[in-house]
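All of these numbers come straight from a predicted model, not from anything done at the bench. We name chains A, B, ... by the order of the sequence lines, and we start the count at 1 in each one.
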Amino acid sequence: MSGETFPREPFAWLSGYLASLRDQHVLVHDQTAQPLAPARVLEIDAEDWGKAASVAATAGLRWAACWGDHIGDELVLRAVLETAGDYIVLRTVVPLGKPVLPSHTPHFAAANHMERHTQDLLGVAFLDHPDSRRWIRHRAWPDTDHPLRRSFSGRGKTQASTPADANYRFEKIQGSGVVEIAVGPVHAGIIEPGHFRFQAVGEQILRLETRLGYTHKGIEKIAVGRDPDALARLAARVSGDCTVGHTWAACQALERASACQVPERALILRALMAERERVANHLGDIGAIGSDVGFAFAHCQLSRLREYWQRRNDELFGHRLLMDRVIPGGVAVDLDAAAVRLLHTDHVTLRRELAVLFDILDDHPSLDDRLLTTGYLAPDHARNLGVVGFVGRASGQGFDLRRDQPYAPYDRFEIPVPLYSDGDVAARMRVRMDEVYIALNLMDQMLDALPGGVTRNVLLPAADAEGLGCVESWRGEIISYVRLGPDRRVARFFPRDPSWLIWPTMEQLIAGNIVPDFPVCNKSINASYSGHDL
Amino acid sequence: MLRILNKILRTGMVSESIPSEDDELERLGISVKRCLQLRFGRSLAIRQVDAGSCNGCELEIHALTNAYYDIERFGVHFVASPRHADALLVTGPVSRHMEAALKRAYVAMPSPKLVIAAGQCACNGGEFGVSYASCGAVANVIPVDVAVPGCPPTPLTLLQGILAAAGARKATARR
């Protein structure tokens with residue numbers, strides 16, 4: 001454990017951005033109250049919404065999220081942008097009678113799906129959006145209904161059954177020899193549902209279009225009215241493989257909204273579980289990448305290690321996937337001295353096993369043949385798409401919240417962040433192999449630094465308050481927004497899973513690859529369907 | 001290659017190395033195997049359908065195929081199409097957007113059309129329940145033979161559910 005002494009001046013760039021906004025005659029209102037700290041909120045007029053994005057794009061900011069909120073007879077729209085680890089939240093208001101807003105998509109490709117999600121669920125029309133097709137909405141509700149409007153009943157209108165999605169206008173490529181291959185929503189493996197539409201010539205993929213929304217469960221709607229504990233349980237199930245990350249982000253938002261101090265011991269235990277989740281998923285996925293190119297050895301060995309890891313989760317933390325272990329105000333588990341010793345021993349054993357296994361994976365010609373140059377995501381494309389997490393770090397985008405906007409307890413540790421620019425499946429696997437070792441070292445430091453004391457403080461939910469949680473999950477940055485109503489219950493919950501930013505890379509990196517390499521490319525980015533579809 | 005063989009040799013057979021839990025696993029596995037020998041010509045083909053889960057259940061279903069559980073040794077296989085399946089293993093509350101796909105998978109499956117609803121959401125809607133976007137329990141959409149509780153169910157509970165489903169065949173087969 002070492003004190004991070006890297007001199008970092010927060011928001012040093014902001015004055016420049018504000019000056020550019022002034023040059024464009026964009027009026028920024030009231031910056032004194034900061035309800036979403038550490039993020040800064042900039043209130044702007046609806047007509048300037050597009051201009052603010054345009055200036056941000058020129059200034060090199062990364063676009064991270066947008067969501068809408070029905071308050072009174074207005075719709076409040078927020079967009080999150082980031083640079084140098086600092087977040088700003090653009091906020092604007094449109095009347096319910098005329099919910100029209102300039103789009104951010106012409107300036108940031110990452111905005112495409114989230115704006116269409118807002119269009120489908122809240123009925124906001126984004127002007128000059130290059131693609132106004134529905135996205136999350138299939139046929140469970142008509143385009144005249146908007147589930148996130150307050151007048152819309154969460155039960156929905158009674159409906160005998162929902163017909164299959166139809167009449168979605170997929171882009172087509174014309175020409176002799178071009179075939180269209182439709183895959184999903186039910187896939188051949190044990191995997192989540194989604195639809196992929198390939199245009200191919202022979203084996204080679206010319207174009208892929210993803211169609212998601214199949215696992216849309218109305219999470220944002222059914223969050224409304226919940227108390228903090230119930231919200232945490234829901235957040236734990238946004239994406240099961242990322243349960244610690246999402247619960248932590250939602251709890252962080254709740255705790256910031258309610259000015260609740262989390263005990264030191266609980267913070268370290270949260271980070272310990274988040275790192276355990278990182279290791280479990282990386283092990284499983286590295287093995288699965290091997291399996292997808294016919295290298296069963298990797299799969300057998302790494303799924304064995306993952307199983308061992310999960311059994312330890314069950315034994316010491318009480319759940320194989322660590323679900324519901326993070327709770328508002330702290331954690332639901334504690335470790336005794338024997339458990340700490342056991343974990344240290346586990347780390348030594350795992351390092352020893354991985355030294356052999358990763359060495360084999362590193363230097364296996366048939367694996368190189370399948371993984372090198374496969375599924376190439378160029379750093380420029382990665383930057384344009386605003387991708388985060390290990391997919392970004394394999395394509396030159398080094399952002400990691402734990403280092404760049406360190407939240408407790410990560411502010412007390414040095415976090416090495418692996419960075420590669422090869423951008424292929426092999427590079428993504430390489431990042432994840434590095435991250436396993438880094439996580440093991442971090443966890444050893446955390447166990448040594450585990451302070452005494454309680455593991456939970458009581459969280460008294462504030463009335464009419466809001467908070468933004470930002471957490472680096474194993475998959476990448478999670479942004480979780482929570483607004484509490486006057487009754488101290490949840491009035492709005494929006495968890496932005498990193499998958500929103502990872503899925504669009506699939507369409508880029510698959511072009512030119514062969515159809516049989518789709519599974520390995522898909523596994524190498526491993527975006528969540530459930531975390532995206534909400 | 002030598003390194004790989006060396007590693008395999010040193011790893012040995014993990015499927016037998018954990019006494020307490022594996023006794024249970026072994027016992028269950030043998031029952032499944034006997035049942036399948038009697039009723040399914042020695043193997044049970046399962047098609048897994050995620051009808052809207054959070055993917056937690058999928059992780060545990062995947063675990064069934066790891067070296068510890070190695071479910072294939074008991075004659076249980078996961079297949080790529082419902083047309084090859086004796087049973088559907090369905091997870092998640094059934095999202096309304098997956099309702100038609102699940103029904104089609106059920107129709108495509110040949111008799112005896114066993115259905116195992118795996119996980120809390122599949123049993124009763126779980127944390128998501130019934131809403132504008134979710135049909136809730138699998139039984140609200142297609143007939144269910146066995147419901148496996150747990151959030152997510154552990155690999156052992158899943159194996160118990162599969163055994164129960166294979167046994168449930170007895171009742172339906174005589175009809």
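Between chain A and the options Gly92(B), Ala80(B), Pro93(B), Ala100(B), heavy-atom pairs under 4.5 Å are most frequent for Ala80(B). Between chain B and the options Ala164(A), Cys242(A), Gly218(A), Pro193(A), heavy-atom pairs under 4.5 Å are most frequent for Pro193(A). When each of Gly56(B), Gly126(B), Cys57(B), Ala133(B) is checked for heavy-atom pairs under 4.5 Å with chain A, Ala133(B) comes out on top. By number of non-hydrogen pairs under 4.5 angstrom with chain B, the leading residue of Pro147(A), Pro185(A), Cys300(A) is Pro147(A). Between chain A and the options Leu89(B), Val49(B), Leu59(B), heavy-atom pairs under 4.5 Å are most frequent for Leu59(B). Counting heavy-atom pairs closer than 4.5 Å to chain B, the top residue among Ile222(A), Ile360(A), Val356(A), Thr215(A) is Ile360(A). Note: Glu353(A) leads His299(A), Arg137(A), Glu353(A) in heavy-atom pairs under 4.5 Å with chain B.
A salt bridge is absent between Glu99(B) and Arg139(A): the closest approach of a Lys/Arg side-chain nitrogen to an acidic carboxylate oxygen does not fall below 4.0 angstrom.
Residue Leu121(A) touches chain B through its side chain alone, counting heavy-atom pairs closer than 4.5 Å. Contact of Gln310(A) with chain B is made through the side chain alone, with heavy-atom distances under 4.5 Å. Both the backbone and the side chain of Tyr214(A) have a heavy atom closer than 4.5 Å to some heavy atom of chain B. Contacts of Val79(B) with chain A are made by backbone atoms alone, with heavy-atom separations under 4.5 Å and no side-chain atom involved. For Arg306(A), the part lying near chain B is the side chain, with the backbone staying farther off; criterion is any non-hydrogen pair under 4.5 Å. Of the atoms belonging to Asp359(A), heavy atoms from both backbone and side chain fall under 4.5 Å from chain B. For chain A, no part of Leu102(B) is nearby; none of its heavy atoms comes within less than 4.5 Å. Only the side chain of Leu321(A) comes within contact range of chain B, with at least one heavy atom under 4.5 Å from a heavy atom of that chain. For Pro82(B), no part lies near chain A; criterion is any non-hydrogen pair under 4.5 Å.
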Practice task
Give the intermediate values and the outcome of side-chain contact (heavy atoms from CB on, under 4.5 Å) for residues Gln48(B) and Ile191(A).
Solution key: CA-CA 8 Å; Gln48(B) 196 267 338; Ile191(A) 134 174; over 6 Å; no
Exercise for the section: Please report the C-alpha distance between Ser528(A) and Asn55(B) in whole Å, then the side-chain angles of each, then the deciding distance to 0.1 Å, and finally whether the side-chain contact (heavy atoms from CB on, under 4.5 Å) criterion is met. Expected result: CA-CA 8 Å; Ser528(A) 166; Asn55(B) 77 31; 3.7 Å; yes
Handout entry: side-chain contact (heavy atoms from CB on, under 4.5 Å) between Lys7(B) and Leu357(A), intermediate numbers included
Key = CA-CA 8 Å; Lys7(B) 180 66 189 170; Leu357(A) 289 173; 3.9 Å; yes
Problem - Derivation and outcome, side-chain contact (heavy atoms from CB on, under 4.5 Å), residues Thr154(B) and His319(A) - result: CA-CA 10 Å; Thr154(B) 63; His319(A) 193 285; over 6 Å; no
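Side-chain contact check for Gln301(A) versus Thr11(B): some heavy-atom pair is nearer than 4.5 Å. For the pair Asp165(A)/His97(B), no side-chain contact is recorded, criterion being any heavy-atom separation below 4.5 Å from C-beta on. No side-chain heavy atom of Ser131(B) sits under 4.5 Å from any side-chain heavy atom of Lys221(A). Arg96(B) has its side chain out of reach of Pro163(A): every pair of non-hydrogen atoms, C-beta onward, lies at least 4.5 Å apart. Tyr308(A) places none of its side-chain heavy atoms less than 4.5 Å from the side chain of Asn66(B). The shortest side-chain heavy-atom distance between Val130(B) and Arg155(A) falls under the 4.5 Å cut-off. Inter-residue side-chain proximity for Cys54(B) and Ser530(A) is flagged as met; some heavy-atom pair is nearer than 4.5 Å. The shortest distance between side-chain heavy atoms of Arg320(A) and Pro155(B) falls below 4.5 Å.
Lys217(A) places no side-chain N or O within 3.5 Å of a backbone atom of Phe128(B) that could act as its donor or acceptor partner. Looking at His62(B), its side chain does come within 3.5 Å of a backbone N or O of Ile190(A) through a donor-acceptor pair.
Residue-environment remark: CZ (Arg104(B)) stays at or below the threshold of 12 foreign heavy atoms within 6.0 Å. Within 6.0 Å of CZ on Arg83(B) lie no more than 12 heavy atoms contributed by other residues, nucleotides or ligands.
Closest approach of Arg47(B) and Gly189(A) over heavy atoms only: NH2-O, 3.0 Å. What you find for Tyr68(B) and Arg304(A) is that their closest heavy atoms are CE1-O, 3.5 Å. Shortest non-hydrogen contact noted between Glu127(B) and Ala230(A) is OE2-O, 4.2 Å. The two residues Cys151(B) and Arg237(A) have their closest heavy-atom pair at SG-NE, 3.1 Å.
With rounding to the nearest 0.5 Å, the separation of CG in Leu64(B) from OG in Ser303(A) is 11.5 Å. With rounding to the nearest 0.5 Å, the separation of CG in Asp50(B) from NE2 in His187(A) is 9.0 Å.
Not a single side-chain hydrogen bond (donor to acceptor under 3.5 Å, both in side chains) links His70(A) to another residue, sequence neighbours left out.
Between Phe152(A) and Tyr132(B), the two ring planes are perpendicular [angle over 60°; tilted spans 30° to 60°].
Under the 3.5 Å distance criterion, with hydrogens and angles disregarded, no donor-acceptor pair is assigned to the side chains of Ser53(B) and Glu192(A).
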